Amino acid sequence: MALPVPIGSIVSERLDIKSYKSDIFAGSVMGSSFQEKSLWLMLVSLAVVFGAYFRLALPLRTPDVNPANVGLFVAAVVVLVIAQIAGHLIVALFDRDDRTDERDRLIALKGTRNGGYVLATGVFLALCTAVATTGNFVTAHVLLASWVLAQMVEIATQLWHYRRGA
Amino acid sequence: MGKDEHHITNRIRELRFHRGEMTQGELAERTGVTRQTINAIEGNKYSPSLEVAFRIAKVLGVPLTDVFRHGDE
C-alpha cells in the first residue's frame, strides 16, 4: 500500500542532517545573509553617528546653521563612511557570499517604499518649519533628521522582511 | 507573499531528499538564488517568480506542478 507521504520525506523532515546543517543557523545572526549583516551594520552606524550628531548639534542652536554645525556634520559623514567601510570589510571576512536575487530586490523595494513615506512626511514638516520659524537651522535639521529616519525605516523594513522569511 | 503567502505550498524538501539528499545550498546554487530564498520558499513564506519556480522544478527533475501546488487544488 502506497503511503500518502513517502517515508523518505518523513525521515528527511526529522533526520536530514545534511540539509539541516546548512539551515541550523538560519534563524540566528550567524545564519543571516551578507545582506542582513550589512543592513544591521548600516542601521547601527547610522543610529550611533547621527544620534551623536544631534546630541551635540542641537544645543548649539542658532537662527541659522553655524560653522560648528557644518563641521560636526562633515565629521559625522566621514565617521559614518569609515565605520561602514571597516564594518563591511569585517562582515566580508565572515561571509563572502554577497550574491543577491529576486527576493533581495523585492525586499529592498519594500524598504525603499516605506523610507519614501517617511522622507516625504519629513519634507512636508520641513516646509512647515520653513514658514513657521526664522532662519534655516530648524528646517535644515528637520530635513536631516527626516533623511536619517527614512534611511533607518528603509533598513528596518528590510531586516523585518528578512527575519520573517519573505 | 502578503495575503496569499500560505496559498501556495511546495514539496521542495521532500524532492530534495529524493535527489540524493540535495542541500538547500546546492539547490540554491543550481537555480541561481540564495540559500535563504530556498529556505523561505520551502517554508511557504515566499512565492518565487515563475522563472525561479521553473528552474527549481528543472533542477529537481520534475514538472512544475509536482513541486508547487495551489491551496485550492
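No experiment lies behind these values; they were computed from the predicted model shown. Only heavy atoms go into these numbers, but all of them, side chains included; no hydrogens, no water, no symmetry mates.
Residues A:Met42 and A:Val79 are members of one and the same hydrophobic cluster, defined by side-chain heavy-atom contacts under 4.5 angstrom among Ile, Leu, Val, Met, Phe, Trp and Tyr. A continuous path of ILVMFWY side-chain contacts below 4.5 Å connects A:Leu144 to A:Leu43, so both sit in one hydrophobic cluster. A:Leu89 and A:Val48 fall into different hydrophobic clusters, where Ile, Leu, Val, Met, Phe, Trp and Tyr residues are linked whenever their side-chain heavy atoms come under 4.5 Å apart, directly or through other members. Under the 4.5 Å side-chain heavy-atom criterion for grouping Ile, Leu, Val, Met, Phe, Trp and Tyr, A:Leu149 is not connected to A:Leu46 through any hydrophobic cluster. Residue A:Leu60 is grouped with residue A:Val77 when hydrophobic side chains (ILVMFWY) are merged at heavy-atom distances under 4.5 angstrom, including chains of intermediate members.
At a threshold of 4.5 Å between non-hydrogen side-chain atoms, the residues A:His161 and B:Tyr46 do not count as touching. With a 4.5 Å cut-off on side-chain heavy atoms, B:Glu29 and A:Arg99 count as touching.
Between the side chains of A:Ser33 and B:Gln36, not a single donor N or O lies within less than 3.5 Å of an accepting N or O.
Note that CD of A:Glu102 is 7.0 Å distant from OG1 of B:Thr37, once rounded to the nearest 0.5 Å. Summarising the geometry, atom CD1 belonging to B:Ile38 is positioned 8.5 Å from atom CG belonging to A:Asp101; distances are rounded to the nearest 0.5 Å.
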